[in-house]
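What follows is a set of notes on a single structure, which appears directly below.
First listed ligand is number 1; within each ligand, the first listed atom is number 1. Note that the structure is predicted; figures quoted are calculated from it, not measured. Numbers for residues simply follow the sequence, beginning at 1.
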Amino acid sequence: MQDINYLNIQKLNNLLSEASDIAIVTHMKPDGDALGSSLAMYSFIKAAGGTARIVLPHRYPTNLGFLTEGIMNEDILIHEECESEAAKVIEGADLVICLDFNAFHRTDRLEAALQSSKAPKVLIDHHLNPDRSRFDLVFSETMVSSASELLYHILMAMPQTEGKAENLPKASVNALMTGMTTDTNNFANSIFPSTLQMASGLLAAGADRDLILSNLYNMFGESRLRLLGHILKDLMVLTPDGVAYIVLDSGTQKKYNVTEGDTEGFVNMPLSIKDVRMSILVKEDGNRARVSVRSKKGTSANRCARDHFNGGGHENAAGGKLMIPQDIQDIGMAGQYIESHTHTFLNEENEK
Ligand code: 5GP
Ligand code: MN
């Protein structure tokens, strides 16, 4: 992790101690890693006597609510629910810490506030191709499980922590463990030696895996599992190219009461089929369809999302969007779009 060096840590330490109003920002539709890394940074700053607030583009899924218990409500602002106050936090901040995204546009409508902010900005992220020119200090590492893992190694290098995980605030310990757990699908993907070192350090420092796992995986409503049954039996389509795709239109989401976070992990399941190289889940969301792409080694979800779905991400886990009606006339056309675009994409990949 070349960005975690003496100079960068000293620079971060100076920025944190000189700032009096810190804004912590993460990506749109925050997931466990986005919220976990943000809360871990927040609790670290608070424990050191600093002032910080978290600005989220959208509300987090309810099953992550346990992470925010004990945190002052006014310290987490959700832009879609209080636009001007949330934007003001960024505008008024004298330091902005950006976690788990690589470019301002990934914060959706917070992009303008980030662009106009004159405050120094720190990036802590694990995605490909970070937009380095926008930041004053960059910690970017793709060979880690999650932004939470990268932040763990950064915090461990900070003088206050003295390399001991037990010196991290308890709230940071659970938040970091949660972010790593969701981004790795509970230790299934993107596990590096450094990931297990982190997990070991956090467990020894008192991370409550039972609390985390029960909240992440055992708190859903019945309808989520019924929806999964419907998807696997009726909705999943397999193409001759080895692509599995699932389209969830608004009607289906309404029928099964789908809330944010309910479909987390579904897109990975079709990869268990031997001949499937890539799996795509599309969710209708107003005038766009949000796309999740997962691939097996040797097929690039990142390139597919970037070249065909207006997005990007990691090599084997990426996302994007299809605009309605610019990319597809309506959600009923999503299947056809996926089939023709993945056919083109995989033919190009085969030729490489
Ligand atoms: P998910 O499918 O879980 O929403 O996203 C998978 C990965 O792709 C995440 O690391 C996420 O940050 C990234 N990602 C999701 N949507 C987009 C997008 O629209 N643009 C880019 N550049 N990355 C995305
Ligand atoms: Mn992440």
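Checked against ring-ring contact (aromatic ring centres under 6.0 Å, His included), Phe345 has the following partners two or more places apart in sequence or in another chain: His308.
Between His127 and His314, the ring centre distance stays below 6.0 Å. Remark: aromatic rings of Phe309 and Tyr337 are close, center separation under 6.0 Å.
At most 12 non-hydrogen atoms from other residues, nucleotides or ligands lie less than 6.0 angstrom from CD of Gln2.
Between Glu348 and Arg303, none of the side-chain N atoms (NZ, or NE/NH1/NH2) sits under 4.0 Å from a carboxylate O, so this pair counts as no salt bridge. Between Glu81 and Arg59, at least one side-chain N (NZ, or NE/NH1/NH2) sits under 4.0 Å from a carboxylate O, which counts as a salt bridge. Between Glu264 and Lys29 no salt bridge is recorded (no basic side-chain N to carboxylate O distance below 4.0 Å). Salt bridge annotation for Arg53-Asp21: present, with a cationic side-chain nitrogen under 4.0 angstrom from a carboxylate oxygen.
Under a 4.5 Å side-chain heavy-atom criterion applied to ILVMFWY residues, the cluster that includes Phe192 comprises Met143 as well.
The set of protein atoms (N, O or S) found at less than 2.8 Å from the Mn ion (ligand 2) reads Asp33 OD2, Asp100 OD1, His126 NE2, Asp183 OD2, by chain and number.
Around ligand 1 you find Arg106, His127, Ser292, Arg294, Gly311, Gly312, Gly313, His314, Ala317, Ala318, Gly319, Gly320, each with a heavy-atom distance below 4.0 Å.
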